[in-house]
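Contents: one structure, followed by commentary.
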Amino acid sequence: MQRVPAKVDFVALEEEILQLWESENFFAKLKQQVTGKPMFRFIDGPVTANNPMGVHHAWGRALKDCFIRYNVMNGKDCNFQNGFDCQGLWVEVEVEKQLGFQGKPDIEAHGLDKFSHACRDRVNTFAGVITDQSKRLGQWMDWEDSYYTHDDRNIRGIWHFLKVCSDNGWIYSKALPMPWCARCGTSLSEHEMAGSYKEMTHLSIYGQVPLLSDRSRRLLIWTTTPWTLSANVAAAVHPDLDYIEVKADDWDHTLILCEGAKKVLAGTGAAIVARFKGSDLVGERYETFHPEFKMQTGVEHRVVPWDVVDAAEGSGIVHIAPGCGKEDYELGKEIGLEPIVPIDENGMFFEGFGVLSGKGAADVPDEVAAILEASGKLFKAVDYDHKYPVCWRCKDPLVFRLVGEWFISCDEIRPRMKVAAADVQWKPAFMGARMQDWLDNMGDWCISRKRYWGLPLPFYVCADEDCGHLTVIGSMDQLRERALDPEKVDALPELHRPWIDDVDIHCEKCNKPVTRVAEVGDCWLDAGIVPYSTTGFFDDPEKFERSYPIEWVCEMREQVRLWFYSMLFMGTTLSDRSPYERVLAYERGVGEDGTMFSKTGYMIRFDEAADKIGADAMRWLYCRQPVTSDVRFGYAAGELAQRKLAGLWNIYSFVVTYALIDEPDCAAPLNMDALTVTDKWMLARSAELIEKTTAGYQDYDSPSVVREIESFLDDISNWYVRVNRRRFWKNEDAANQAAAYGVLYRAIKTLCLVLAPVAPFLTDSVWQNLVRSMEPDAALSVHHHAWPTAPAEWKNADLLVRTETVRSTLSLALNLREKASLRVRQPLRKMFVVGGEDCRVALAEQAELVKSELNVKELEIVDGTADFMRASLGLDFAVAGRALRKDVGKVKALLGGLDDDVQATIAAVQATGADVQLPGWDTPLPANIFSRKEVAGEGVEVSAADGITVALDTELDDALRQEGLVRDLVRKIQVLRKASALDVSDRIRLSLVTEESDLVAGITQYESLISQEVLAIDLARETLADSLACEDWEIMGRKVQVALSRQG
RNA sequence: AGGCCUGUAGCUCAGCUGGUUAGAGCGCGCGCCUGAUAAGCGCGAGGUCGGGCGUUCAAGUCGCCCCAGGCCUACCA
């Protein structure tokens, strides 16, 4: 066993343990140990291998590792496979930035093969970084066996899924105005839109367009997206709403708008000239905003009815551009409006849009306003604050664009998914409701992306006009079978663009050659197949049997609509059930003050935090945090966690310090007869710790585990070690000392075991040095040891309660000392305690302890408080409420009004258990509805709580004062020893020189005690000649000169 | 617009099926203890338990309404 420093450097300790784990192959040995055991069927959600971790990413990883460790200690095997999410827009965007690209044309020019390689490289780089960081966090995973969503196995799995969807008739393509990112050149799916609406300011335009039937009448139309006016084909009104026509003196026209929107006329002085229903406008033709644009020629612009129109904002007349909005498109389809698509995939106006052609949609609002101004069609243009969607990856504002995309129809599977999701145990439970809500609202899944680095959709649409058949490839065999050139299939380096694009197949229906569609897949397809692709569903039935369904997944809340959703979708499709049984979802990681972390703004990097406070402290913070609220991460909180951990270190370092001197056999069987009361209590408390933490882990409730441990640490440190300190040194009673070592050792070992999943480094460090020294046959690591069960002979619930009583008694008595300004080193003559039977038993049992803790000579447990207390009655509301019902208030008032003598009289009656005749109340009242209150008499220090009353005799005599002085003296000498850099076992020569008579008397009387306490072999009354230290002190006003020197 | 979560001391959070005077940690002030000694303990100040109404003998806890923050969903033009 090594000596350990009093103060611990967690970061250095963790680095050391990491090296040990590495060099001794602890993880490999653990895997060996659990092979063949029943599985903890965990699966890791793929983390995006695109950037280094921030501290907020480490929360989930800490929780996962914690519960895996717990389960493994419980004799389970586990699929220790970490996963990386590797495909999709997020990787492409970062690689584009890296290469300085502006958009898709740059990628095309660069070459798809080189681009794919660059994406793969980036993924590998950051998978490596994240792996290193995860190791530093203490995660034990099979890092060599991580899965990557871009690998062919995963892609083939998704092909299989898509083929099943196709066989079910769910796959279709259609043109729809989709949320579109002009920078990324692709549309986004519904689940990518969640949370993407941000508050921003845009120029909104109120346009006024003339009716063709009478150009002096104009429609007032509002939009927040001026660029879409170029694609206007209709104006919608609500047929049942009231519309008004207004005129101002300085206008040469009238203006038509919904009455409910007339506040926009403020300041114009316009007056109503006509009033009619919206239906009266339907069918009117008008001149559009930009009639001069070529793309607008031949379009007939009409007023159309639409019952979703309201007047809450704008004018109550809605601009309709079916090429620029989903709802517009659907309306247009219903009533036969042809969409105009004004912008290309980069958000630039096509030819045919006059001066706007070639310009970016986002750049033209002012110009549009100017054009309308010039043509007299601008009513006003004002800045407007609203929520507008942005691209979740690159944060550019989105546009809506009519494009052809691929979808999976959800109508058939929705009810099945709802049933499957209802079988899942969601924690917190409201996540289940959220999933149901999402499923109710989900539209068809848009699975295509017009990008490059992603799952190649195995869709082949026959170009033959008469055929047009969609062939979906579900496996490599099918691809080889249908390929024009099967050799090309075998020569594919990987299932990615551009290579896969080279493989043409024969149409399933007409056998003509067909080329793959250009699109790649939504990255949530990649993640969703993981419960199948990594568990052997496609290639290892035996493994699948063991690993499926997934028992537990743990991810951030937003995965409800992402990973949890896509897994549920695929599981329901392939197995008609949820692929996972139990979910733990947690909130976000935020800064200490609640500030959100973001890549561009405020951020604590993982590496920085690990270097500063260490992984154990980080994990402690994460595990302590309820999953239902954001975890606040910061260094003040981190320091706090470190202090809790230091609590364990202090106890550990204490026992090591003395064990090195005494060389006890801590692990020897306990001699139950030699155990003191506090020993038995410590064991009972340890047993309780095991039971409570086990329940917490079992319920995936790490915060309750950490709270239990905090309370245990406090108990072991501030009770057990505090009161038993002296048993560890200079203890002549070998059996007694052995008991102390044995018990403290067991408490520490137990604590290490139950804390190991949360703080794997510190606990293993203690294990290596202390436990393995004491028990050479112990497991190599705390993480290899079985989860503890509470030994029956440790349990003692009654003793736990009695000790609580004793501790409350001490607390009361110390409170009295505080009030009387009597320091604890000053001995007192006597204390009285009054309490119930339980209290009497408890104090009698632990009387010596109480006396020494309180430094009183005598403890008297008395029957009544008559000597120093007076009783009065209150009500026990729990009982009285039921007995008296509405009369409770009256009785309470009566009681409050009694004078002291009467109170004492009825209290005496109540104490006997007889019915109480309360003055002013007709009927006798049962004793049990009352509660007793004790009031101090005169001239006594009395304190009471929880049915215990403590009284202290605070009078001092000369003998007590002298003893107090001596104890102060001893204490100060001990400090001087320490300051003089003496070791705890060094012997000294001591001199005490004083003229003060009571101090002289004290020193004389307690000479041997002083020498014993401070390890002095000689106590001189004259100053030492060659002292190591010599100081003049004043103790309670008495002067004394103290000197000491090291002996030998 | 609808739904969900949260709201308890200056800060971070406990508070079980309603029960006497609502707790802990941090921070602050004052003491104390210590052969774990740059730790530890006690006491004190600090609360309209977000607000209101209701149910009840009794509400931080149950119900309804409102407010604030966060999140989710939605035909957010």
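Both backbone and side-chain heavy atoms feed into the values below; hydrogens, waters and symmetry mates do not. Chain naming here is simple, since letters A, B, ... match the order of the sequence lines and numbering starts at 1 in each.
Picking from rC33(B), rA14(B), rG25(B) the nucleotide with the shortest atom distance to the side chain of Arg825(A) gives rC33(B). Nearest to the side-chain atoms of Arg588(A) among the listed nucleotides rC33(B), rA74(B), rC71(B) stands rC71(B). Here the nucleotide nearest the side chain of Arg643(A), chosen from rC26(B), rC33(B), rA77(B), is rC26(B). Considering only side-chain atoms of Arg557(A), the nucleotide from rC43(B), rC71(B), rC75(B) that sits closest is rC71(B).
The partner of rG7(B) is rC67(B), by the rule that a Watson-Crick or G-U pair needs both atom distances under 3.5 Å. Using the Watson-Crick or G-U wobble rule with both distances under 3.5 Å, rG29(B) pairs with rC43(B). Nucleotide rG60(B): unpaired (no Watson-Crick or G-U wobble partner with both distances less than 3.5 Å). The partner of rC16(B), taking Watson-Crick or G-U wobble pairs whose two distances both stay under 3.5 Å, does not exist in any strand shown. Using N1 to N3 plus N6-O4 or O6-N4 for Watson-Crick, or N1-O2 and O6-N3 for G-U wobble, each under 3.5 Å, rA22(B) pairs with nothing.
For the P atoms, the distance from rG3(B) to rC64(B) is 12 Å, rounded to whole Å.
Between Gln642(A) atom CD and rG40(B) atom P there is a gap of 13 Å when expressed in whole angstrom units. Atoms CD1 (Ile651(A)) and P (rG40(B)) sit 12 Å apart, rounded to a whole Å. The distance between atom CH2 of Trp649(A) and atom P of rA36(B), rounded to the nearest whole Å, is 16 Å. Met556(A) places its CE atom 12 Å from the P atom of rC72(B), with the value rounded to the nearest Å. One atom, OH of Tyr720(A), and another, C1' of rG40(B), lie 18 Å apart when rounded to the nearest Å. The separation between Arg807(A) atom CZ and rC33(B) atom P is 19 Å, rounded to whole Å. Atom P of nucleotide rA74(B) and atom CD of Gln436(A) are separated by 15 Å, given to the nearest angstrom.
Minimum heavy-atom separation, Cys258(A) to Gly316(A): CB-CA, 3.7 Å.
Pro626(A) comes within 4.0 angstrom of sugar-phosphate atoms only, judged by non-hydrogen atoms across all strands, and of no base. Using a 4.0 Å heavy-atom criterion, one finds that Arg434(A) contacts the bases of the nucleic acid, with or without backbone contacts as well. Among the heavy atoms of the strands lying under 4.0 Å from Ala6(A) are primed sugar atoms or P, OP1, OP2 only; no base atom is included. Nucleic acid contact class of Val721(A) (heavy atoms, under 4.0 Å, all strands): base. Within 4.0 Å (heavy atoms only), Asn650(A) reaches at least one base atom of the nucleic acid. Residue contacts for Ser653(A): at a heavy-atom cut-off of 4.0 Å it reaches no nucleic acid atom on any strand shown.
When only modelled atom types and interatomic distance are considered, Asp662(A) and Tyr741(A) share a side-chain donor-acceptor pair under 3.5 Å.
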Side chain to side chain contact (heavy atoms under 4.5 Å, CB included) assessment of Leu219(A) paired with Gln208(A) | CA-CA 5 Å; Leu219(A) 300 172; Gln208(A) 43 185 13; over 6 Å; no
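Within a 6.0 Å sphere centred on CZ of Arg722(A), heavy atoms belonging to other residues, nucleotides or ligands number 12 at most.
Judged by atom type and distance alone, Ser717(A) reaches the base of rA36(B) through a side-chain donor-acceptor pair under 3.5 Å. For rA77(B), the base has a donor-acceptor partner in the side chain of Asp310(A) [N/O atoms by modelled type, under 3.5 angstrom].
The residues Lys427(A) and Asp699(A) are annotated as salt-bridged, a charged nitrogen and a carboxylate oxygen being separated by less than 4.0 angstrom.
The aromatic rings of Phe289(A) and His319(A) stand perpendicular to each other, their planes meeting at an angle above 60°, with 30° marking the opposite boundary.
Remark: Arg707(A) is not in phosphate contact with rA24(B), judged by side-chain N or O atoms under 4.0 Å from OP1 or OP2.
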